[in-house]
Structure formats: structure tokens, C-alpha cells
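All chains are named by letter (A, B, ...) in the order of the sequence lines, taking the proteins before the strands, and each is independently numbered beginning at 1.
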There are 2 protein chains.
Amino acid sequence: MEADMIRGKLTQKGLKVTPQRMAILEAVFSLNNHPTAENILDFVRNRIPSVATGTVYNILETLVTKKIISRVKTDHDVMRYDGVSEQHHHLYCSECDLIEDYFDDELDRILKNYFKDKDIPGFNLDNIVLQIRGTFNKC
Amino acid sequence: MEADMIRGKLTQKGLKVTPQRMAILEAVFSLNNHPTAENILDFVRNRIPSVATGTVYNILETLVTKKIISRVKTDHDVMRYDGVSEQHHHLYCSECDLIEDYFDDELDRILKNYFKDKDIPGFNLDNIVLQIRGTFNKC
DNA sequence: TCCTATATAAGAATGATTCATAAACAGGTT
DNA sequence: AACCTGTTTATGAATCATTCTTATATAGGA
């Protein structure tokens, strides 16, 4: 993820480009396993030692609101963040804290097709994310 | 949900039957909209004013571990609880904090069939819950 | 009824997240 | 290039859900 690309994501949404926002977005895009705010803070401090904890939360909130990133929550953990914009699902491990992205175009077609005709009374469907629970073989 | 039924759920799992556990299970089963620990605490205090906050969290943890109830993740809220044991999915509203249960046997058959043949490398699938995001018409 | 492992009460402690305020800054304007 | 002004960040206190510790109480088998 190039700096220019990140910069573009910010300006596109009318957000000012600041070193803190650049570093946080780079953290979310480069850290694997859906980092926590703390993971992101650690990453960012390498570049900007003076960054404030509150600033990280503040910026993450802004980025989620502007739909540049999204939140992922587990049954037990603290909030985690996801920089992947393409439609995808999540594999949750019952044994470890890894959350893996799961991409499946065929599945998405099937779901889209199924819900195209399916009316959920009183509800206006926007999108669907599968929580796929299981265990990784290595666990 | 009868008291005897709740009692049965506890003894089946080798848990002692206590007034606190009975009241908490009744709360989870009777409160709608996937109650928070606080919602449950309020309900339980009506019957047992002396109940301790820690006890509610403690018991909820036990009940989840024994798979009598489950946790529901949200992107923003605190932890919420679910007393429905049958396979089902969740409708999340983007406008309000309502989480509605969604039952769909046909969908479950389609998913089961799809993943029967589908191998997710390195992963042992256990179950799937759909997070269906959208808005209720009334919102 | 007694015994013992288990469960609960009380309230302090923790830890993630939010908030209030003052200082700093990005980016458009002159 | 320096200036403005609304936006953004730093600081550190505050909040709030949840967990932990320890002493007391209790469920249920013997």
C-alpha cells in the first residue's frame, strides 16, 4: 500500500492528511490478523513517538465512520480493525486469537442470488458477513 | 421457559442449581433484543436485590462455557447475550441497537451443502453465523 | 445432619476507551 | 510566502464494562 494511495483515501473522503492518519492507515493495512488499537499504537509509535493514545482511538473512529476501515469484534477480545475493503468473510478460531479473511466469490454470488428474491419483512438488507467458526489445523 | 426446563439445563451440564443462576437464565430467555449484562443485572435484581455484579458476569461466563447461552458480537456495543440454542443468524440494524434473530432453514441447507464439498485449507469448520446488516423500516 | 467443593457477595482493581481542554497544524486564501 | 480558520492532536483525567480477590454462604452428595 503506497503512501500516495493512502493519501488518496483520506482526501477522497475530505479528511486532512496528517502524519498520524497516514501512519495509522499504514498500520491497519500492513499489520496482519486484524490489529487491536494497541497493536496499531505500537506500530505508529515507531514513527511518531509522541502520538497520543486518544488520538489513535479518535482517528480509528473517524476512519470507520468514513468507511475507510471497519471494525471486527470477537466473542472475548477487544475491538479489532480491518483494512480490507473488498467483500469478504472471517474465519474465527476457537483455539487461538487469529481471525483470517475469507474471500469466496462463488459463495457471494449464491448469497446475493438467494437474498435477491428473499424478502426479510421490515428489513432493508445492506450486506452480509459470515462468521465462520472452527479451528485451524495448527491449533 | 419453565423453571423446570431451566433447572434441567443446569443439572444436565453438571452445574449446581442456585437462585442466581435460575434468575439469570430466565433473564436471558425472556429479555428480548439480546440483553447486555446490565439488562440482565436489572432483571435479576428484581428478584434477588442482593445479587452482586461480579456474580452476574461470573455466571454468564459459566453459561457460555457450558454452551447454555452464547455471546453476540457487535461492532460498537458492549457484549450481549443470546439464549436461543437453535441454529440462527442475526439482523443488525445500522440505525438502532436492535439485533433480531433470523431463522432460515433453506439458507442453512444451502450453506451446509456448499461447505460440505468446499475445503477451506488448514481450517476445520464448525459452524457459520451470518451477520446481516441493514436497517429496519421503522428506523 | 454433616461435609466439602462450589458458588456468591463485596468492593477494589484493571484496562480499554472516551472526554475536556489547550496547543498545533493542514490547507485554502490573500 | 505568511496568514487564517476550522480541524486535528497531545495531555491527562474520567468513565465504564469487566475482572479479580477474599471472605462468607450454600447446594447437594455422603
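Each of B/L15 and B/T36 was matched to the nucleotide of DNA chain D holding its nearest heavy atom; the match closer to the 5' end belongs to B/T36. Where B/V51 and B/K16 each meet DNA chain C at their nearest nucleotide, the meeting point lying more 5' is that of B/K16. Comparing B/A52 and A/V78, the nucleotide of DNA chain C nearest to each residue sits closer to the 5' end for B/A52. Of the two residues contacting DNA chain D, namely B/P19 and B/M79, the nearest-nucleotide position lying further toward the 5' end is that of B/M79.
Taking A/Y102 as the reference, nothing meets the ring pair (Phe, Tyr, Trp, His ring centres under 6.0 Å) condition, with sequence neighbours excluded. With sequence neighbours excluded, no residue satisfies ring pair (Phe, Tyr, Trp, His ring centres under 6.0 Å) with B/Y92. By the side chain to side chain contact (heavy atoms under 4.5 Å, CB included) test, B/Q20 is found to be paired with B/T18, B/I48, B/V51, B/T55, B/I59, residues two or more places apart in sequence or in another chain being considered. Judged as a side chain to side chain contact (heavy atoms under 4.5 Å, CB included), and not counting sequence neighbours, the contacts of B/K138 are B/L98, B/F136.
For the helix from C/dT1-D/dA30 to C/dT30-D/dA1, the axis fitted to the five pairs at one end and the axis fitted to the five pairs at the other end meet at an angle of 30° (nearest 10 degrees).
Considering only side-chain N and O atoms, A/T18 lies nowhere under 4.0 angstrom from the phosphate OP1 or OP2 of D/dT7. Side-chain N/O atoms of B/Q20 include none lying less than 4.0 angstrom from OP1 or OP2 on D/dT26.
Looking at heavy atoms from C-beta onward, A/D97 lies out of side-chain contact with A/T74 at the 4.5 angstrom threshold. A/V129 has its side chain out of reach of B/L130: every pair of non-hydrogen atoms, C-beta onward, lies at least 4.5 Å apart.
Shown here for B/S94 and B/T135, the closest heavy-atom pair between the two residues is CB-CG2, 4.0 Å. For B/D104 against A/K118, the heavy-atom pair with the smallest separation is OD2-CE, 3.4 Å.
Atom CG of A/L41 and atom C1' of C/dA16 are 12 Å apart (whole Å). The NZ-C1' distance, from A/K13 to C/dG27, rounds to 20 Å in whole Å. Look at NE2 on B/H76: it is 17 Å from P on D/dA17, rounded to the nearest Å. Straight-line distance from the CZ atom of A/R80 to the P atom of C/dT17: 12 Å, rounded to whole Å. Rounding to whole angstrom units, CD of residue A/E38 and P of C/dA16 are separated by 6 Å. The separation between B/D77 atom CG and D/dC16 atom P is 15 Å, rounded to whole Å. Across the protein-nucleic acid pair, B/M22 atom CE and D/dT26 atom C1' stand 16 Å apart, rounded to whole Å. Straight-line distance from the CD1 atom of A/I48 to the P atom of D/dT9: 9 Å, rounded to whole Å.
Only B/T55, B/N58, B/I59, listed by number, bring a heavy atom of residues 53-75 of chain B to less than 4.0 angstrom from any atom of DNA chain C.
Remark: A/H90 NE2 to A/R80 CZ distance equals 9.5 Å, nearest 0.5 Å.
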